[in-house]
Chemist: 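Sharing a structure below in structure tokens format, with a few things to ask.
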There are 2 protein chains.
Amino acid sequence: MTIKLDAYDRILLAAIQQDARTAQSELGERANLSTAAVNRRLKLLAGAGVIERYTARLNPKALGYPLTIIVEVAVENERADLLQEMQRSFKACPQVQQCYYVAGECDFVLVFLVRDMEQYVALTHTLFHDNDNVKAFKTLVAMDRVKYGMDVPVDGPPG
Amino acid sequence: MTIKLDAYDRILLAAIQQDARTAQSELGERANLSTAAVNRRLKLLAGAGVIERYTARLNPKALGYPLTIIVEVAVENERADLLQEMQRSFKACPQVQQCYYVAGECDFVLVFLVRDMEQYVALTHTLFHDNDNVKAFKTLVAMDRVKYGMDVPVDGPPG
DNA sequence: CCTGAAATATCTAAAAG
DNA sequence: CTTTTAGATATTTCAGG
């Protein structure tokens, strides 16, 4: 399941994580590999799921979603079917950018992207107030996205 | 500053957000545009900052980072220079994947990607315990990444 | 596993309607 | 905006070490 990554792979992965449009010839120069080798490795890494997908990161503000809101949700009952139904509703909501099921003081942490507070309030109704299994939720409005992205550290193994 | 997006742009943006490697010819077919028009629009959108960057999303587990941890940090003093110094230290830490400066019960929300709990504990020392301006922090360990990514809703304007 | 070269496919820019 | 053309780039495959 866990594919073994060598130093070449890590160079490639670090580079395409930063800029997915880096040409394979350029990647080859950086890693000291031929473009054919780069191509083969990238395909392997994608097939193995190390590369999950290639994506364009869009500017939320430019698309009319200037507000980032982080929400902690506590549930009443942790019954599996109830949790799954909640997860389904969160996943189905386009304004829920991220959702984590967590252990600790609360049960879910959500990251919302919304047009305005009005839209957020409306979503709290459909997602939280209308759900009997939501015990409480806490709203944190982001004033600044200090660091964002899905970047994974690409350093060597721990040893 | 805010570029005006038409329905064509939104089709293109939604498509490349899902798969940045979709060929422009394919994008043209979906939006009913020529590849030349697609190319022109994509360049414009990138230049205007609507497209922030093209990136490969990597699998954290495959790279040895199986643990996602969410942390709420409360500060002692909100003096600008102290806050900036904290933000700098968070940004500089590769294991801090995301950081939001928030209004509410706490001041920062961080998303960590770590190899194991030991690494997380070590980071709490350098980032929190060793910083006099950190009043408290709360740790939430993610059991499941229900939904993740940086996807922005690409629907039409509110009206 | 690799390289290098050849074959495809894609992208980009220009010209003209 | 479109289409078409043409040339530059990039990707992918294949032969062979």
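The model shown is predicted, which means the values in this text are computed figures rather than measured ones. Letters A, B, ... mirror the listed sequences (proteins, then strands); counts begin at 1.
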Chemist: What's the CG-P distance between B:L33 and C:dC11, to the nearest Å?
Modeler: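 The distance from CG of B:L33 to P of C:dC11 comes to 14 Å, rounded to the nearest Å.
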
Chemist: So what does A:D6 hit on the nucleic acid, given a heavy-atom distance under 4.0 Å: a base, only sugar-phosphate, or nothing?
Modeler: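 Answer is nothing: A:D6 stays at 4.0 Å or more from every strand.
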
Chemist: In terms of relative ring orientation, are A:F128 and A:F137 parallel, tilted or perpendicular, with 30° and 60° separating the classes?
Modeler: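 Rings of A:F128 and A:F137: tilted, as their planes differ by 30° to 60°.
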
Chemist: Please report the distance, rounded to the nearest Å, between CD in A:Q24 and P in C:dA9.
Modeler: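 Nearest whole value for this atom pair: 16 Å.
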
Chemist: Please report, rounded to the nearest Å, how far the C1' atom of C:dC2 is from the CG atom of A:L12.
Modeler: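 These atoms are roughly 14 Å apart.
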
Chemist: Would you kindly give the CZ-to-C1' distance between B:R41 and C:dA13, to the nearest whole Å?
Modeler: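 So the CZ-C1' distance, B:R41 to C:dA13, works out to 18 Å.
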
Chemist: Is there a donor-acceptor pair closer than 3.5 Å between any side-chain N or O of A:K147 and the backbone N or O of B:C93?
Modeler: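 Flag set: sc A:K147 to bb B:C93 pair under 3.5 Å.
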
Chemist: Nearest whole angstrom, please: distance from the P of C:dC11 to the CG of B:N39.
Modeler: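 Between P of C:dC11 and CG of B:N39: 8 Å.
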
Chemist: Assuming nearest nucleotide by heavy-atom distance, tell me which of B:T35 and A:T35 is located more 5' along DNA chain D.
Modeler: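 Checking each residue's closest nucleotide, the 5'-ward one belongs to B:T35.
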
Chemist: Mind checking which nucleotides bracket the chain B contacts on DNA chain D, 5' to 3', with an atom under 4.0 Å from a heavy atom?
Modeler: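 The contact span of chain B on DNA chain D goes from D:dC1 to D:dT12.
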
Chemist: I'd like to know if the side chain of A:N133 reaches the main chain of A:N77, judged simply by a donor and an acceptor atom lying under 3.5 Å from each other, with no hydrogens or angles considered.
Modeler: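 Flag set: sc A:N133 to bb A:N77 pair under 3.5 Å.
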
Chemist: What's the CD1-P distance between B:I16 and C:dC11, to the nearest Å?
Modeler: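 After rounding, the reported distance stands at 12 Å.
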
Chemist: Measure the acute angle between the ring planes of B:F90 and B:F108, then classify it against the limits of 30° and 60° as parallel, tilted or perpendicular.
Modeler: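 Plane angle over 60°, so perpendicular.
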
Chemist: Touch check for B:A23, heavy atoms < 4.0 angstrom, all strands: base, sugar-phosphate only, or nothing?
Modeler: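 Here B:A23 touches the backbone only, sparing every base.
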
Chemist: Please confirm whether B:R57 makes a cation-pi placement over B:Y148, using NZ or CZ under 6.0 Å from the six-membered ring centre and within 45° of the ring normal.
Modeler: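 Relative to the ring axis of B:Y148, which defines the angle, B:R57 lies inside both limits.
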
Chemist: Under 4.0 Å: is that the gap between some side-chain N or O of B:K43 and OP1 or OP2 of C:dA13?
Modeler: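 True: B:K43 side-chain N/O within range (under 4.0 Å) of C:dA13 OP1/OP2.
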
Chemist: Go through the side-chain N and O atoms of A:Y120 and A:Q95 and say whether any donor and acceptor fall under 3.5 Å apart.
Modeler: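 Per modelled atom types, A:Y120 and A:Q95 side chains form no pair under 3.5 Å.
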
Chemist: Looking at B:Q18, I want to see if its CD is surrounded by more than 12 non-hydrogen atoms of other residues, nucleotides or ligands under 6.0 Å.
Modeler: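 Counting neighbours around CD of B:Q18, 12 or fewer heavy atoms of other residues, nucleotides or ligands fall under 6.0 Å, so no.
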
Chemist: Give the rounded distance in Å between these two atoms: CG of A:L42 and P of C:dC2.
Modeler: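 The answer, rounded to whole Å, is 12 Å.
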
Chemist: Counting only side-chain N and O atoms of A:R21, is one of them less than 4.0 Å from OP1 or OP2 of C:dT12?
Modeler: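 So the side-chain polar atoms of A:R21 do come within 4.0 Å of the phosphate oxygens OP1 or OP2 of C:dT12, strictly under.
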
